[in-house]
Amino acid sequence: MMAEKKSYPSIIQENLELYKRGQMQVLEMGDNVADGVIVADENGYILGANALVCAWMKVPEEVLLHQPITILQGQITDAIRITLAERKTATAVFWQDITQKQILLTSSPFFDRKGRFLCVVAVLRDLSDILELSSQLRILDNERNQTQTELAALKNKYISNALVGDSRVMLQLKSAIAQVAKTTATVLIQGETGTGKEIAARELHKQSERAGRPFVTVNCAAIPESLLESELFGYARGAFTGASAKDKRGLFEEANGGTLLLDEIGDMPVQLQTKLLRVLQEREILRVGATKPIKIDVRFLAATHQDIEAMVSEKRFRQDLYYRLNAVNIVMPPLRERKDDIGLLTDSILTKMNRKYDKNCTLDIRALFALEHHDWPGNVRELENVIERLVLFGKDTIPAEQVYSIINVTKKHFPYDNRISMTESSLKAQVEELERTKIVEALSIYKTTRKAAAALGMSQSGMMRKIKALDIQNWKQG
């Protein structure tokens, strides 16, 4: 006996009854959420819509019930058709004219426990709140970035300068760094070993608009020539025997957005100098073994203790690269040319070493004079090493004799030693008397130690030490 052929309206009714018996919870839950919900059967007829959808479309549910999905807005229809045809989730974003809202639609198939298709559930979400929240998050993110920028500026302003010293040459150096730091100019930093070239480079970065971004240092003398190119430029996977199976970023890329210091630039091989020149000109690099260049945004600094001009004359350094690097030249003064700073440097280093070794060492006045009258061929680095040894092996008060033993000189080199000869002592007394007279006169005229020191061509810290050493009384500190 053939089964009775059902009419299409009866199929809709059966589907609706099935929906009402087994799937009504979808709309029941839908009325309790902030999203619109539409349910359609496998033939594309609407089985139900929650209250929010009806409110958005300004029609009661009865008007939508049993109607084909084609009465809905085009994007809703298209998404539901995809779900019906392919039994998969489809999404769409569209503008709802009636509500003037941006809507996100997600149309998903529903199956029973046996895997039989039951219906399509389309969820419509108002994106207004999400877009508003996103806008507020962007505002907050901008405010956070602004706050971080301001904090970085304050930090740069109030944190003590790493370049210790208030001698005339150091004040000029700090002023030059402050002016150059705000630009994007390439800077060549020259100076003897141990004068603090890397510290100057870090100050240039810290005071620039790139502060907080990468600061990368590469010592051109410390990396073997065969590896220097791949370290700087990186390489494509398998570029050479022993290369990684993955692409490797070079130091140029690591510094992208920030600052790269090429330390000991005078030791860079001539062949690599040519490639560096192209990087400076084109602002792009090519990894070893790669074919596609990579754009970079890097502020370049270079440092050397060598006489680059002489190297150019001897054809050991490219002239065009020298001119490109030497857009701004900063020369670090040797310590022997700023001995007024030795006291400040000693205080700073002594504090650091006491903290490092959990000690509380101080220098007696003769020990400090000994330090001030040494020529320091190794500059600040040598001074730091000496003070570290003094603290490491010293008692609470470090005598001059301990300084003499470390810097390997005799006591007669130091005019302030209390064991010098009578002739030297007489000369010392005359010098001290002259110094005392001039300092007292300057203090009486200028009233403050800062102005008096400037008039005598001294640093304020140097004058304070003289006042203490010469036991000058009855003055008012300014």
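Every heavy atom of this structure was used, including side-chain atoms; hydrogens, water molecules and symmetry mates were not.
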Original post:
Is the number of heavy atoms from other residues, nucleotides or ligands within 6.0 Å of NZ (K359) greater than 12?
Top reply: yes
Subject >> Pairs flagged by ring-ring contact (aromatic ring centres under 6.0 Å, His included) wherever residues 279-303 is involved - sequence neighbours left out >> reply: F252-F300
Subject >> Donor on one side chain, acceptor on other, Q460 and R450, under 3.5 Å >> reply: yes
Subject >> Test item: I265 and M268 side chains (from C-beta on) under 4.5 Å apart, heavy atoms >> reply: yes
Original post:
Between R336 and E192, is there a salt bridge with N-O shorter than 4.0 Å?
Top reply: yes
**OP:** From the options I398, T397, V403, select the one residue that forms a side-chain contact (heavy atoms from CB on, under 4.5 Å) with D364.
**Re:** T397
Subject >> D375/K339 ion pair, N-O < 4.0 Å >> reply: yes
Subject >> Short side-chain donor-acceptor distance under 3.5 Å, T193 and R381 >> reply: no
Subject >> Nearest-0.5 Å distance that lies between atom CD1 in I189 and atom NE2 in H305 >> reply: 15.0 Å
Original post:
Is R210 salt-bridged to D297, cutoff N-O under 4.0 Å?
Top reply: yes
Subject >> Distance-only donor-acceptor check, side chains S167 and D341, under 3.5 Å >> reply: yes
Subject >> Pairs involving residues 206-226, ordered by first then second residue, that meet ring-ring contact (aromatic ring centres under 6.0 Å, His included) (sequence neighbours left out) >> reply: H205-F215
**OP:** Taking side chain to side chain donor-acceptor pair (under 3.5 Å) as the test, write out the residues that go with R87, two or more places apart.
**Re:** none
**OP:** Please name all residues satisfying ring pair (Phe, Tyr, Trp, His ring centres under 6.0 Å) with F317, sequence neighbours left out, ordered by chain then number.
**Re:** none
Subject >> Salt bridge flag under 4.0 Å for residues R278 and E284 >> reply: yes
Original post:
Is a side-chain donor-acceptor pair under 3.5 Å present for E388 with Y357?
Top reply: yes
Subject >> All ring pair (Phe, Tyr, Trp, His ring centres under 6.0 Å) counterparts of Y322, not counting sequence neighbours >> reply: none
Subject >> By side chain to side chain contact (heavy atoms under 4.5 Å, CB included) - contacts of N360 (at least two apart) >> reply: none
**OP:** May I ask you to decide whether K182 forms a salt bridge with E209, counting only side-chain N to carboxylate O separations under 4.0 Å?
**Re:** no
